[in-house]
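For reference, the structure is listed below as structure tokens.
So that the names make sense, note that chain A is the first sequence line, chain B the second, and so on, each numbered from 1.
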Amino acid sequence: MRHTDNDERIWQVVALIPEGKVATYGDVAAQAGLPGAARRVGAALKKLPEGTKIPWHRVINAGGRISLPPGSDSYRRQLELLRAEGITLRESGAIDLRRHRMLPA
DNA sequence: GTACTGACCAGAT
DNA sequence: CATCTGGCCAGTA
């Protein structure tokens, strides 16, 4: 298995998401110069090693929800990392994008 | 080579 | 709300 240039771009974009903010898979893809390639973002994040510094947990889907199997270990890990920086889920189970989304400056 | 899959998404039903 | 549809495109089989 070998990571690609696209993976590199994606990781770099994710690395720029500030603490307390989030971005959608689509946002990341667009900023990485890969509009419409939201699915590639998820694939790239899966390749990240365990102890990575890349804040992969700040990437959520367009519905403001964690895009991992609810109840899975990875889901709980992401939720905890988010809560640790002040990002919580609403009653619906979704994050308030209006408040936390990193909008294009 | 083809066929299916997926940490997605917007729009329609 | 829940499904479905078509689009996306690199991995995997």
Salt bridge (charged side-chain N to carboxylate O under 4.0 Å, His left out) pairs, two or more places apart, involving residues 66-79 of chain A: A:E50-A:R77, A:D73-A:R76
Holding to salt bridge (charged side-chain N to carboxylate O under 4.0 Å, His left out), I want the full list of residues that pass it with A:R83, two or more places apart in sequence or in another chain. none
With A:R65, which residues qualify under salt bridge (charged side-chain N to carboxylate O under 4.0 Å, His left out), at least two apart? none
Please, which pairs that meet side-chain hydrogen bond (donor to acceptor under 3.5 Å, both in side chains) have at least one residue in residues 89-103 of chain A, sequence neighbours excluded? A:D27-A:R101
Check DNA chain C against residues 80-90 of chain A and give the residues with a non-hydrogen atom under 4.0 Å, in numerical order. none
For each nucleotide in nucleotides 7-13 of chain B, reading 5' to 3', give B when a protein heavy atom comes within less than 4.0 Å of its base, S when such contact involves only the sugar-phosphate, and - otherwise. BBSS---
Applying salt bridge (charged side-chain N to carboxylate O under 4.0 Å, His left out) as the test, list every pair that has at least one member in residues 52-64 of chain A; sequence neighbours left out. A:R58-A:E85
A:K21 meets the side chain to side chain contact (heavy atoms under 4.5 Å, CB included) criterion, sequence neighbours left out, with A:I17, A:P18, A:M102
By side chain to side chain donor-acceptor pair (under 3.5 Å), which residues pair with A:S74, not counting sequence neighbours? A:S72
